[in-house]
Amino acid sequence: MDNGLKAGTLTGRPLFFCGIGGSGMLPLAQIAQGLGLPVAGSDRSRDQGRTPEKFAWMEANGFPLFPQDGSGVTSPDQVLVASAAIEDTVPEVARAKALGCERLSRAQLLSRLFNAADVSVAVAGTSGKSTVTGMIAWIFSEAGRDPTVMNGAVMKNFISPTNPFASARIGSRDLFVSEVDESDGSIALYRPSVGVLLNVSLDHKSIEELRVLFGDYLSASGTAVINLDSAEAGKLASRANAAVTFGVRACDADLTIDPDTIAQTDRGIEAVLIDNRRRETFALSVPMPGLHNLSNALAAIAAASAAGIDIADAAFALRSFAGLARRFDVIGTSASGVTVVDDFGHNPEKCAATLRTLKATPGRVIAFFQPHGYGPLRQMGEELAQTFARELSPDDITIMCDPVYFGGTVDRSVGSERITELITVNGGRAEHIALRDDCADRIVALAQPGDWIVVMGARDDTLTEFARSILTRLA
């Protein structure tokens with residue numbers, strides 16, 4: 001394998017990443033650079049002055065960065081790495097096309113690296129991918145297996161002074177762990193040794209499309225790891241060549257939980273894991289709250305087991321799992337007792353998991369939600385509204401600003417005001433405030449001792465700073 005690539009066609013050829021600072025692009029750029037490929041890039045966020053510390057770190061670590069004006073694309077030998085959704089009018093795309101440069105999507109490059117590994121573990125599903133990927137990575141690392149890891153979120157266990165943006169880990173070329181995405185159909189490119197399917201629910205595609213994509217994915221996996229708590233995932237189990245099943249509620253799964261042993265706090269969850277294959281039990285302690293994280297832990301342990309790691313060792317490793325940035329990430333608690341949480345929730349299932357975790361402990365919830373685009377609101381706005389109305393109590397409130405929008409051509413006919421109206425129609429309490437800064441003013445004015453404030457949304461690195469700013473104002 002040349003530089004970690006299955007085919008030698010890219011060996012030594014410079015890669016240019018369009019949008020190199022994005023949550024999906026940055027870890028891939030790190031891995032490509034770590035495998036010896038020349039990497040450079042541009043990013044609109046850098047040009048706009050957003051998250052300057054990230055781009056300063058990248059330049060200090062050998063990533064040449066250019067304005068997003070096409071000036072970084074200078075040779076037909078370069079390979080442009082760009083999202084399939086990037087428009088042809090973007091200067092890098094236009095310049096690459098004029099020069100005759102090869103173009104790869106993020107998934108096309110990632111799948112070449114991934115499929116070339118001797119052992120590859122993929123994590124798929126509508127929700128929980130990043131957390132489970134991080135858990136599997138930590139289990140492998142603690143077992144001395146030295147994985148290379150591609151994640152869409154910063155893994156706190158791997159943060160170091162030299163790598164504060166640890167959404168990737170550079171390890172062995174022969175063991176690759178990655179989350180894989182169904183939203184653009186690119187999941188079809190992967191051929192994992194172990195393929196995890198966490199759940200199947202509405203997000204970017206219809207359920208019918210998801211059934212085909214995830215079913216084909218299971219067929220392409222050497223061993224499938226399937227969540228039987230997800231009815232849709234369970235229905236696809238017949239597509240697997242070999243399978244390890246798990247489920248918190250599914251007592252007939254290979255790995256399950258003794259329901260009488262579940263103990264939850266606002267900082268973690270404990271239970272007894274049952275291996276029905278061997279009639280063995282194991283203590284399981286996860287330092288992250290919520291039943292969904294108990295399910296995530298089962299998924300990670302099942303995947304590690306399928307890759308040859310003892311269940312006892314996998315369960316023990318998770319006791320020291322530090323979690324991921326923006327996955328129920330507690331920013332802090334003010335002197336008055338208001339706790340601020342930063343969370344990646346952006347689709348109905350993710351939002352429901354976060355809100356249920358909050359409602360499992362005392363305190364009113366002020367849920368701020370920034371939609372990650374106008375398209376997602378058209379696709380799943382009604383389900384989002386039903387989620388916030390169903391999961392929150394009459395004393396709680398949802399506050400929504402306008403969707404994040406960084407430019408480009410997009411249908412903006414369905415906005416946040418429509419979703420807050422639907423929340424109210426469904427019996428919830430919600431307000432639409434167009435500007436995010438004005439939302440912060442409203443949140444601070446509403447906050448009372450004992451409240452939970454959760455900042456939710458995706459595809460915007462500044463949301464964490466927004467959450468921190470609210471905590472600072474509360475102090």
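The first residue in the sequence is number 1, and the count goes up from there.
Electrostatic pairing of Glu465 and Arg50 does not count as a salt bridge here, judged by no charged N lying under 4.0 Å from a carboxylate O. Salt bridge annotation for Lys359-Asp396: present, with a cationic side-chain nitrogen under 4.0 angstrom from a carboxylate oxygen. Using a 4.0 Å cut-off between a side-chain N of Lys or Arg and a carboxylate O of Asp or Glu, Arg473 and Asp441 qualify as a salt bridge. Of the charged side-chain nitrogens involved, at least one lies within less than 4.0 Å of a carboxylate oxygen, so that Lys54 and Asp461 count as a salt-bridged pair. Taking a cutoff of 4.0 Å between a charged side-chain nitrogen and a carboxylate oxygen, Arg436 and Asp460 qualify as a salt bridge. Asp451 has a carboxylate O that lies under 4.0 Å from a charged side-chain N of Arg364, or vice versa, which qualifies the two as a salt bridge.
None of Met380, Met400, Glu382 except one satisfies the side chain to side chain contact (heavy atoms under 4.5 Å, CB included) rule with Ile419; the exception is Met400.
In this structure, Met155 and Asn157 have side chains that are not in contact, with every pair of non-hydrogen atoms separated by 4.5 Å or more. The shortest distance between side-chain heavy atoms of Thr464 and Asp329 does not fall below 4.5 Å.
Asn426 places no side-chain N or O within donor-acceptor distance of the main-chain N or O of Gln386, the cut-off being under 3.5 Å. Side chain of Thr256 to main chain of Ala250: a donor-acceptor pair is present (N/O by atom type, distance under 3.5 Å, no hydrogens or angles). At distances below 3.5 Å, not a single donor-acceptor pair connects side-chain atoms of Thr148 with backbone N or O atoms of Phe176. In this structure a side-chain-to-backbone donor-acceptor pair under 3.5 Å is present from Trp57 to Thr162.
Cation-pi geometry between Arg327 and Phe344 is met: the NZ or CZ atom falls under 6.0 Å from the ring centre, inside 45° of the normal.
The aromatic ring centroids of Tyr217 and Tyr190 lie 6.0 Å or more from each other. Aromatic pair Phe466/Phe368: centroids less than 6.0 angstrom apart.
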